[in-house]
Amino acid sequence: MADSTSSANRFYLTTPIYYVNARPHLGHAYSTIVCDAIARRKRALGIETWFLTGTDEHGQKIERSAEQAGCSPQEFTTKIAAEFRGLWDRLGLTYDDFIRTTEERHKRGVQKLFSTLRDRGFIYKGSYSGQYCVFDEAYVEGPPGTPCPDCGRMTETVSEENYFFKLSAFERKLLEFYESNPGFMGPESTRREVISFVRSGLKDLSISRTSITWGIPVPGDEKHVIYVWLDALVNYITAIGYGSDDPKDQKKFEKFWPADIHLIGKEISRFHCVYWPAFLMAAGIPVPRSVRANGWLLFDQGKMSKSRGNIVRAETVDEVLGADALRYFLLREIPFGQDGNFSFDALVQRYNGDLANGYGNLVSRVVNMVHKYFGGVVPEMPSSDAPSIVQQTLEGFPAAFDALNFSGALQQLWALVAETDGYLTENAPWKKPTDRSDSDHQKLQARVLTDAAEGIRIITALVYPILPDAAAKVWRQLGQGEIGDAARNAFLKNLAWGGLTPGTKFGEPAPLFPRAEKDAIERMQNLEDSNNRSAVDAASQGEATALSQAAAAPSEVPATAVNTADGRANEALTPPTAGSSADQQHISIDDFAKVDLRVAQILVAERVPKADKLLRLEVDLGYEKRQILAGIAQYYEPEKLIGRKIVIVANLAPRKMRGLESNGMLLAASLPPDGAPVLAGFLEEVPLGARLK
């Protein structure tokens with residue numbers, strides 16, 4: 001089924017289709033920037049390229065997020081999708097299409113594929129009872145209480161009528177396909193993981209839900225909604241015309257499919273390397289040529305994600321250092337396919353070292369000296385052979401780049417930057433020895449500056465897909481016109497030494513990368529703190545709506561609540577001691593009913609830096625996740641709390657502490673003599689979100 005013959009005249013690549021349960025962060029930007037760099041290079045080689053990105057907007061998680069935000073799913077998805085598209089435009093990303101899975105063209109294509117699979121005998125109706133991860137929209141093997149193997153969150157038990165896809169029929173076909181197409185998926189760690197998963201045995205896959213309504217209806221049986229992953233994966237073909245009756249769309253599909261690269265995050269490899277090719281094989285559609293998984297972007301060694309509260313927004317880096325700095329750091333610092341750590345310190349060091357003091361300084365020196373010594377005009381000089389390092393770079397950079405080894409490609413290119421800079425320093429055209437005639441010195445200046453400028457031209461052409469803004473400025477300073485025009489004329493196709501014509505008038509010198517001062521890190525951190533506080537404020541407003549609609553559940557007697565902001569017991573809920581004046585201070589049942597006590601499970605527990613008493617907890621209420629700060633760090637080890645069911649006050653007003661917002665309060669007994677807390681819990685199995693009353 002694989003179409004192994006790739007047309008030299010067209011190239012189709014896609015980003016992951018981003019789930020709109022939250023605003024975009026740096027992890028999303030990383031994948032999209034990688035695709036943009038690939039697309040720019042392909043176009044500059046004269047290859048007709050189609051670059052697709054978009055948003056995945058259906059599923060139970062979206063329904064719940066919209067409910068928390070107090071709006072309809074359509075309103076919610078439209079707002080978040082606009083933020084993704086707005087960020088890509090701000091960063092100057094050159095995508096050709098942005099698809100939303102709520103669009104009619106997508107719905108039409110998904111229903112066509114479903115009907116095709118059903119007509120070909122690969123779909124049947126049955127029932128499913130088991131575990132489901134709402135966060136990953138994935139079915140999970142195991143008994144109730146089984147955590148999701150991908151995200152670690154607790155799964156929910158679902159029982160419902162479903163349509164099933166005969167995935168089990170493709171176990172052998174997939175393994176044979178992987179063997180005959182070793183380049184289909186990468187990196188090697190992804191390939192091993194996927195093959196191991198398939199060899200362990202494939203079971204038929206539930207591909208519809210009846211418990212939710214926010215999705216694409218099954219054609220002819222509208223009470224069923226098509227499983228979100230079948231829905232989402234089909235975007236790669238609906239965006240280029242699959243399902244359309246328009247001949248132009250059909251021609252476009254025939255032209256660009258199969259995709260050359262699906263670029264994805266490693267956590268969704270199974271969906272793209274197992275389910276997607278199986279769906280396509282069953283429908284008689286060619287399988288993509290390759291799926292390439294990038295690693296996670298880590299912040300302080302933890303995966304960057306909304307639920308961990310450690311996201312960094314691309315806008316922050318763009319505002320302080322510019323989009324090119326972000327692009328360069330991500331592609332140079334992180335070997336593609338591996339996890340990579342992001343920090344503001346490392347970003348600024350790489351920016352100053354490679355861009356400000358390296359490439360930027362080299363361009364400034366050469367352009368200024370050509371203006372100073374030759375009136376800004378490239379002097380007449382006999383042509384020279386390319387230095388060996390230039391020839392090595394012209395061969396090595398494309399090979400590494402096309403293999404998605406962006407870090408290695410840039411390492412080679414910056415070796416040429418250093419070599420060119422060293423060549424300038426060694427020959428010192430600004431310094432005339434006393435034993436050298438004026439004529440000889442001017443010839444030396446002409447030779448050195450012409451060669452250095454030609455080296456810069458080669459460097460700039462190669463780095464254009466990665467530093468498009470800076471490359472455009474340098475191209476103009478070298479008198480080469482607009483680099484965008486050059487790219488449209490396939491200037492990389494025949495890039496070679498000797499293209500800088502004598503007599504070319506240089507443009508005016510202009511700074512490329514002003515050195516980042518010491519306050520750059522602090523400015524970015526302050527912007528992130530402000531952004532994160534705004535995000536928490538917005539989330540807490542949505543939580544209030546969800547709380548008001550939560551269903552009541554089995555009763556329990558409340559104990560003492562621990563104030564999650566400062567660790568002190570909440571006197572309003574502390575039982576009075578015998579004989580105290582508080583014995584006669586009763587409250588009514590209506591007063592007690594105002595306190596919303598809920599069962600929750602701890603998913604994440606970690607210490608808050610520079611706060612001896614505080615732990616930061618992420619808890620699952622069944623219908624939502626939230627962050628709580630608890631003053632119990634002196635009494636509980638964080639790792640021993642994970643998975644524990646607790647009771648929280650769910651309708652307590654949010655409170656900020658140490659720059660973080662706490663949305664709730666743990667319930668605990670206060671033990672004498674020092675008031676040590678003991679968390680309230682249960683002997684019986686109690687569902688998450690159950691209300692105590």
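All of these numbers come straight from a predicted model, not from anything done at the bench. Sequential numbering from 1 along the given sequence is applied to the chain's residues.
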I'd like to know if the side chain of [X] and the backbone of [Y] have a donor-acceptor N/O pair within less than 3.5 Å.
{"X": "D89", "Y": "G86", "answer": "no"}
{"X": "R626", "Y": "A650", "answer": "yes"}
{"X": "Y236", "Y": "P258", "answer": "no"}
{"X": "E606", "Y": "R616", "answer": "no"}
{"X": "Q601", "Y": "G643", "answer": "yes"}
{"X": "S208", "Y": "H224", "answer": "no"}
{"X": "N294", "Y": "F336", "answer": "no"}
{"X": "N651", "Y": "D596", "answer": "yes"}
{"X": "D246", "Y": "K248", "answer": "yes"}
{"X": "K112", "Y": "Y242", "answer": "no"}

Original post:
Going through the distances and angles, do L692 and V647 end up as a side-chain contact (heavy atoms from CB on, under 4.5 Å)?
Top reply: CA-CA 8 Å; L692 282 64; V647 179; 3.7 Å; yes
Tell me if the [atom1] atom of [X] is crowded by more than 12 foreign heavy atoms within 6.0 Å.
{"X": "K125", "atom1": "NZ", "value": "yes"}
{"X": "R172", "atom1": "CZ", "value": "no"}
{"X": "E188", "atom1": "CD", "value": "yes"}
{"X": "E222", "atom1": "CD", "value": "yes"}

How long is the straight-line distance from [atom2] of [Y] back to [atom1] of [X], given to the nearest 0.5 Å?
{"X": "Q74", "Y": "R100", "atom1": "CD", "atom2": "CZ", "answer": "5.5 Å"}
{"X": "N162", "Y": "I207", "atom1": "CG", "atom2": "CD1", "answer": "9.0 Å"}
{"X": "D96", "Y": "T53", "atom1": "CG", "atom2": "OG1", "answer": "11.0 Å"}
{"X": "I99", "Y": "N235", "atom1": "CD1", "atom2": "CG", "answer": "5.5 Å"}
{"X": "I38", "Y": "I33", "atom1": "CD1", "atom2": "CD1", "answer": "12.5 Å"}

Quick check: do [X] and [Y] have side-chain heavy atoms less than 4.5 Å from each other?
{"X": "L52", "Y": "Y95", "answer": "no"}
{"X": "I642", "Y": "V604", "answer": "no"}
{"X": "F98", "Y": "T15", "answer": "no"}
{"X": "R292", "Y": "T190", "answer": "no"}
{"X": "W257", "Y": "P286", "answer": "yes"}

To check you understand the geometry: which heavy-atom pair defines the closest contact between [X] and [Y], and what is its length?
{"X": "S211", "Y": "R209", "result": "OG-NH2, 3.0 Å"}
{"X": "T55", "Y": "I17", "result": "C-CG1, 3.4 Å"}
{"X": "S244", "Y": "R108", "result": "CA-NE, 3.9 Å"}
{"X": "G664", "Y": "I628", "result": "O-CG2, 3.8 Å"}
{"X": "V110", "Y": "T238", "result": "N-CG2, 4.1 Å"}
{"X": "A259", "Y": "H262", "result": "CB-CE1, 3.7 Å"}

Original post:
Which is it for F177 and V198 under the side-chain contact (heavy atoms from CB on, under 4.5 Å) test, yes or no, and what are the steps along the way?
Top reply: CA-CA 12 Å; F177 171 72; V198 176; over 6 Å; no
I'd like to know if [X] and [Y] make a salt bridge, using a cut-off of under 4.0 Å between side-chain N and carboxylate O.
{"X": "E193", "Y": "R270", "result": "no"}
{"X": "E141", "Y": "K203", "result": "yes"}
{"X": "D260", "Y": "R289", "result": "yes"}
{"X": "R105", "Y": "D249", "result": "no"}

Subject >> T78 and E75 side chains, donor-acceptor separation under 3.5 Å >> reply: no
Original post:
Between the side chains of E57 and T101, does any donor sit under 3.5 Å from an acceptor?
Top reply: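 No, T101 and E57 have no side-chain donor paired with an acceptor closer than 3.5 Å.
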**OP:** Kindly say whether the aromatic ring centers of F170 and F165 come within a distance under 6.0 Å.
**Re:** yes
**OP:** Check whether the ring centres of F184 and H272 lie less than 6.0 Å apart, and answer yes or no.
**Re:** no
**OP:** Let me see the working for L175 and I195 under side-chain contact (heavy atoms from CB on, under 4.5 Å), right down to the final yes or no.
**Re:** CA-CA 7 Å; L175 291 173; I195 291 176; 4.2 Å; yes
Original post:
Could you walk me through whether Y18 and T32 pass the side-chain hydrogen bond (donor to acceptor under 3.5 Å, both in side chains) check?
Top reply: CA-CA 10 Å; Y18 300 112; T32 319; 2.6 Å; yes
Original post:
Picking from W229, Y19, W214, Y227, what satisfies ring pair (Phe, Tyr, Trp, His ring centres under 6.0 Å) with H58?
Top reply: W214
**OP:** Apply side-chain hydrogen bond (donor to acceptor under 3.5 Å, both in side chains) to E160 and T210, showing your working.
**Re:** CA-CA 7 Å; E160 57 187 343; T210 56; 3.1 Å; yes
**OP:** Begin from the C-alpha positions of I648 and L597 and carry the test side-chain contact (heavy atoms from CB on, under 4.5 Å) through to its verdict.
**Re:** CA-CA 6 Å; I648 72 166; L597 300 173; over 6 Å; no
Subject >> Mutual orientation of the aromatic rings belonging to W88 and F84 [parallel < 30°, tilted 30-60°, perpendicular > 60°] >> reply: perpendicular
**OP:** Starting from the C-alpha separation in whole Å, work towards a yes-or-no answer on ring-ring contact (aromatic ring centres under 6.0 Å, His included) for F11 and F51.
**Re:** CA-CA 8 Å; F11 193 87; F51 167 20; over 10 Å; no
